[in-house]
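What follows is a single structure, written as structure tokens, with notes after it.
Values reported hereafter were calculated over all heavy atoms of this structure, with side chains retained and with hydrogens, waters and symmetry mates removed.
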Number of protein chains: 2
Amino acid sequence: MDVRTIPAHHARMPLARTVPPAAGFAPIAPDAAGMPLYRAVRREILRSIEDGSLAPGAALPNESELAATFNVAIGTLRRAVDDLVAEHILVRRQGRGTFVATHTRDRFLFQFFHVERCDGLREEPGVDLLSFERVRMDEDAAAALATRPGTPAFHFENRLTLQGTAVVHDRITVPAALFRGLTEKRLRERATTIYHLYQSEFGVTVVRAHERLRAVGADRASARALGVAPGQPVLEVRRTAIALGGRPVEYRVSTIVTAAHDYVNLLSRPA
Amino acid sequence: MDVRTIPAHHARMPLARTVPPAAGFAPIAPDAAGMPLYRAVRREILRSIEDGSLAPGAALPNESELAATFNVAIGTLRRAVDDLVAEHILVRRQGRGTFVATHTRDRFLFQFFHVERCDGLREEPGVDLLSFERVRMDEDAAAALATRPGTPAFHFENRLTLQGTAVVHDRITVPAALFRGLTEKRLRERATTIYHLYQSEFGVTVVRAHERLRAVGADRASARALGVAPGQPVLEVRRTAIALGGRPVEYRVSTIVTAAHDYVNLLSRPA
DNA sequence: CCCAATTTGTTCGTATGTATA
DNA sequence: TTATACATACGAACAAATTGG
């Protein structure tokens with residue numbers, strides 16, 4: 001593979017290096033102008049992940065090697081990696097290496113699951129698949145997923161239980177085009193989190209999401225799924241999940257019974 | 001002031017420097033053992049802010065000066081500052097300096113106010129003070145504020161309006177001991193955010209918070225304050241705000257009408 | 001169990017670019 | 001324009017964790 005070096009817009013002339021390119025790293029695009037070097041490096045690493053050269057769980061070349069490949073100082077390389085680690089896209093392990101992050105249960109609980117019992121008990125929810133169908137997107141889903149209404153999609157419902165009680169009812173819409181071959185069977189038989197399934201089976205890596213929360217009266221479907229009276233106040237969370245390239249890939253409406261559980265949110269974390 | 005240097009547990013012997021100590025920096029505590037140097041530096045800067053040597057809005061000495069004071073490399077100093085900037089405790093401005101963060105409106109909207117109209121419109125809320133009294137803490141407030149029920153406190157209510165509609169009803173409890181001299185008048189006549197008042201008038205700097213959200217039926221007081229029917233589903237947010245030393249300083253129950261507004265939450269931010 | 005190799009983590013120091021006053 | 005301060009980039013050495021012999 002042809003690997004050009006990142007144009008050095010710093011004064012001290014770096015020595016021409018002859019290190020062979022690490023497999024999977026594309027040359028630097030010419031539009032890096034005006035961007036700090038560490039940003040260009042970050043983008044390059046990102047691109048290698050997005051185009052599949054670096055699969056989830058894969059180890060990156062070690063830092064000095066990577067720095068040599070990009071022809072940047074090790075400090076510059078480290079800064080790029082720092083940023084990607086902060087975004088949960090890479091994971092560093094001292095003594096072992098740097099890896100492309102995978103969607104583990106821990107990450108799911110930490111980053112994407114905010115429900116816990118009032119007394120603070122957190123546990124992984126049990127999941128029941130309630131329905132699965134091929135549909136065409138309604139307006140809400142289409143708007144969230146940046147496509148047109150009517151776009152083919154999969155729609156399925158999950159019921160999450162905590163400590164044996166039904167607490168969350170999820171209605172999930174994903175574009176069919178991104179999840180070819182998704183079946184009820186595969187959803188039901190997965191032994192992992194949904195986002196791990198997206199990642200390992202469809203190459204869709206969710207990296208962030210935004211949510212809008214409202215209090216509503218439970219509709220009939222949610223009430224039945226959750227065993228509460230229709231009209232009872234429940235928390236409705238509409239989440240749009242964003243994948244690696246910045247593309248919205250999942251629209252999810254969660255209905256949460258907050259009788260004995262809370263949605264928890266940390267405003268800034270202590271260091 | 002007597003400023004000792006941070007004990008260097010690195011191999012290369014740093015030169016003894018004779019830079020005069022920057023005013024307001026306490027000597028390094030001896031329990032820094034095992035802690036990376038940049039953490040010790042961070043803690044030292046924090047302590048200077050907490051003990052008032054560095055007031056909100058104050059400029060820190062420039063980086064080389066600070067590094068010399070602590071007898072660390074500039075990179076190490078910068079890493080400590082990086083962390084404090086990420087926590088919104090310091091603010092860097094290229095060409096100007098590094099400053100202790102203040103509670104501006106922007107910061108309030110960005111970090112502590114999560115309500116916006118369904119269509120995404122964000123604006124600063126209008127505030128009406130509905131009540132103000134001296135009370136003794138109930139169990140909830142006491143638990144949140146890590147004291148005993150019955151502890152003297154101030155309790156006051158705010159109504160927030162967005163685009164002319166009442167949207168949020170706040171019931172706020174703060175320990176009287178931390179806010180000596182707080183009066184209805186001072187609350188009503190402030191020209192700033194509440195957290196700015198805490199900071200500028202009482203030396204209480206809120207740095208983070210945690211929230212627990214639930215859907216409930218509006219109680220009578222909130223229903224009246226917000227002009228909705230009692231029992232209508234509303235979002236209830238119980239927030240505990242944490243000040244600089246890690247001490248909880250405010251317990252707040254917000255009741256939010258989510259008919260035309262949402263509580264928005266970002267799960268991980270793009271870099 | 002210990003040792004050596006590997007990899008990230010921390011710390012040092014210097015030079016130059018860029019924004020601000 | 002000049003001086004100041006943070007921002008970016010360079011490079012080197014050693015510490016600490018991990019792994020495999």
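For B:R190 (side chain) and B:T192 (main-chain N/O), a donor-acceptor pair under 3.5 Å exists by modelled atom type.
What separates CG of A:L90 from P of C:dT8 is a distance of 11 Å, to the nearest Å. Straight-line distance from the CZ atom of A:R92 to the C1' atom of C:dT10: 12 Å, rounded to whole Å. Between B:L60 atom CG and D:dT4 atom C1' there is a gap of 15 Å when expressed in whole angstrom units. The CZ atom of B:F70 sits 13 Å away from the P atom of C:dC12 (whole-angstrom rounding). Separating the CD atom of B:E63 from the P atom of D:dA3 is a distance of 21 Å, rounded to the nearest angstrom. Note: CZ (A:R42) to P (D:dA9) measures 14 Å, nearest angstrom. Atom CG in B:L66 sits roughly 8 Å away from atom P in D:dC6 (whole-Å rounding). Regarding B:N62, its CG atom lies at a distance of 14 Å from the C1' atom of D:dA7, rounded to whole Å.
Of the candidate nucleotides C:dT10, D:dC6, D:dA17, C:dT10 has the atom lying nearest to any side-chain atom of B:Y38.
Residue contacts shown for A:I74 are absent, as no nucleic acid heavy atom lies under 4.0 Å away. Residue A:T98 is classed as a sugar-phosphate contact, given heavy-atom separations below 4.0 Å to backbone atoms only.
Side-chain rings of A:F108 and A:H196 stay apart, their centers remaining 6.0 Å or farther from each other.
Exactly one residue among B:L90, B:D83, B:L84 makes a side-chain contact (heavy atoms from CB on, under 4.5 Å) with B:L46. That residue is B:L84.
Considering CG of B:L145 and OH of B:Y251, their distance stands at 9.0 Å, rounded to 0.5 Å.
Near-neighbour residues of DNA chain D inside residues 75-89 of chain B, defined by a heavy atom below 4.0 Å, number-ordered: B:R78.
Checking the phosphate oxygens (OP1, OP2) of D:dT19, a side-chain nitrogen or oxygen of A:R96 falls inside 4.0 Å. Using a 4.0 Å cut-off, no side-chain N or O of B:R93 falls inside it from OP1 or OP2 of C:dT20.
The aromatic rings of A:H114 and A:Y263 lie parallel to each other, their planes meeting at an angle below 30°, with 60° marking the opposite boundary.
With a 4.5 Å cut-off on side-chain heavy atoms, A:E63 and A:R92 count as touching. Within the 4.5 Å cutoff, the side chain of A:E124 has no heavy atoms near those of the A:F113 side chain.
Residue B:Q94 places a side-chain atom within donor-acceptor reach of the base of C:dT18, judged by atom type and a 3.5 Å distance cut-off alone.
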